[in-house]
Amino acid sequence: MFDELLRVEGLSKRFAGRRRTVAALDDVTFTVGKGETLGIVGPSGSGKSTLARVLLRLVEPDAGRILIDGEDWRSLSPKLLRRRRGSIQMVFQDPVSAFNPHTTIGKAIMDPLRIHSIGSRDTRKAAIADLLQRVGLSEEMASRRIHEVSGGQRQRVALARALASRPRLVVLDEALSALDVSLRGQMLELLVRLQQEEGISFLFIGHDPAVVRMISHRVAVMNEGRIVETGEADAVLSAPQSETGKALIAALPTWR
Ligand SMILES: Nc1ncnc2c1ncn2[C@@H]1O[C@H](COP(=O)(O)OP(=O)(O)OP(=O)(O)O)[C@@H](O)[C@H]1O
Ligand SMILES: [Mg+2]
């Protein structure tokens, strides 16, 4: 149904602990299509954030391949890497920690434009206004600092910055988890609209199966570094086959 954008093959990452090594990722294989959202669910410590960080090249995997549009992401030349670097972006649960508290939001959004040589000095101001507008914020936001805006606005700002480098895939790691129900709903709508308009792919990591189900086309269930189940979101989250999937659903409050 979707053309393939991301292919992950046999991704493994161990962390050496004091007493034992942890297989944070153990032979992880999956694909994400163009314009598709793959949800990732799993208990705490199952490797979801490690997967996100490996995709962002914040963590070097021990083994495995990451292909974007058929290009091997780990063996790109430095030059190509610089050119492609913007194509995967991430939004974290706590955007404040990802922003310099001393610089304005406008400057924070400008940086990726500059780094990826998007536009010229003159056009960047308009580009920032356009990015803010795309996530439903006013241009006036650009002159504020990250701690001067609300929690819901922060997540929009983080999304605007992620979009600045024109990513093909945005990884959202518990990005909406700290928001209240109505703000989360607004962000979900925004993400869906962006995807429909621009064909962006999402890797949506979340602990709430109901939220993950709302946005995901397919879902992968992780446990102890492995993908234990994957399939259509509705099928996996209404009738999971794996023990981990069953446990996640069983843990939901019954009044939902
Ligand atoms: N830098 C690190 N050094 C050592 N161990 C790590 C490191 N990062 C993650 N781990 C371990 O790897 C495993 C997977 O962690 P990860 O953060 O990927 O889990 P997660 O699924 O994101 O959990 P949560 O739902 O709580 O965010 C855990 O056992 C964790 O303790
Ligand atoms: Mg995590």
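Remember, it's 1-based here, ligands and their atoms both numbered in the order they're listed.
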Among all protein heavy atoms, pick out the one at the shortest distance from [atom]; state its residue, atom name and that distance to 0.1 Å.
atom	result
atom 25 (O) of ligand 1	K48 NZ, 2.7 Å
atom 1 (N) of ligand 1	F15 CE2, 3.6 Å
atom 23 (O) of ligand 1	G45 N, 2.8 Å
atom 27 (O) of ligand 1	S49 OG, 3.9 Å
atom 26 (O) of ligand 1	S44 OG, 2.5 Å

Problem set entry | Whether S49 has an N, O or S atom under 2.8 Å from the Mg ion (ligand 2) |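 Yes - counting backbone and side chain alike, S49 has an N, O or S atom under 2.8 Å.
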Exercise. N/O to N/O below 3.5 Å, does that happen between A24 and ligand 1?
Worked result: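 In fact, backbone or side chain, A24 has no N or O that close.
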Problem set entry | Side chain, backbone, both or neither: the part of V22 lying under 4.0 Å from ligand 1 by heavy atom |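 Side chain only.
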Problem set entry | Cationic N near anionic O, under 4.0 Å, D94 to R154 |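 Not counted as a salt bridge, because no side-chain N and carboxylate O are separated by less than 4.0 Å.
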Exercise. Should the pair R134-E198 be classified as a salt bridge under the 4.0 Å nitrogen-to-oxygen rule?
Worked result: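 Yes, R134 and E198 are salt-bridged.
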Exercise. In Å and rounded to the nearest 0.5 Å, what is the OG to CZ distance from S165 to R85?
Worked result: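 Nearest 0.5 Å value for the OG-CZ distance: 11.0 Å.
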Problem set entry | Point-to-point distance, once rounded to the nearest 0.5 Å, from CZ of F30 to OG1 of T230 |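 Here the interatomic distance stands at 9.5 Å.
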Exercise. So, for atom 30 (C) of ligand 1, does the protein have a heavy atom nearer than 4.0 Å?
Worked result: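 No.
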Exercise. Is the shortest distance from atom 12 (O) of ligand 1 to a protein heavy atom below 4.0 Å?
Worked result: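 It does; a protein heavy atom is within 4.0 Å.
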Problem set entry | Candidate list T31, L169, I88, I200, test side chain to side chain contact (heavy atoms under 4.5 Å, CB included), partner L5, passing option |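 So, applying the side chain to side chain contact (heavy atoms under 4.5 Å, CB included) to L5 and each of T31, L169, I88, I200, only L169 qualifies.
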Exercise. Numbering the atoms of ligand 1 from 1, which are under 4.0 Å from a heavy atom of T50?
Worked result: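 Heavy-atom distances to T50 below 4.0 Å select 9 (C), 14 (C), 15 (O), 16 (P), 18 (O).
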For this session: Measure across I227 and T29 and return the closest heavy-atom pair with its distance rounded to 0.1 Å.
Result: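 Closest approach of I227 to T29, heavy atoms only: CD1-O, 3.8 Å.
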Exercise. Within a radius of less than 6.0 Å around CZ of R166, do more than 12 heavy atoms belonging to other residues, nucleotides or ligands occur?
Worked result: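 No - once you tally the heavy atoms of other residues, nucleotides and ligands closer than 6.0 Å, there are 12 at most.
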Exercise. Does the ring of F99 carry R161 above it, NZ/CZ under 6.0 angstrom from centre and within 45° of its axis?
Worked result: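 Yes, a cation-pi geometry holds between R161 and F99.
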Exercise. Does S46 come within less than 4.0 angstrom of ligand 1, counting non-hydrogen atoms of the residue?
Worked result: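 Contact check S46 vs ligand 1: positive.
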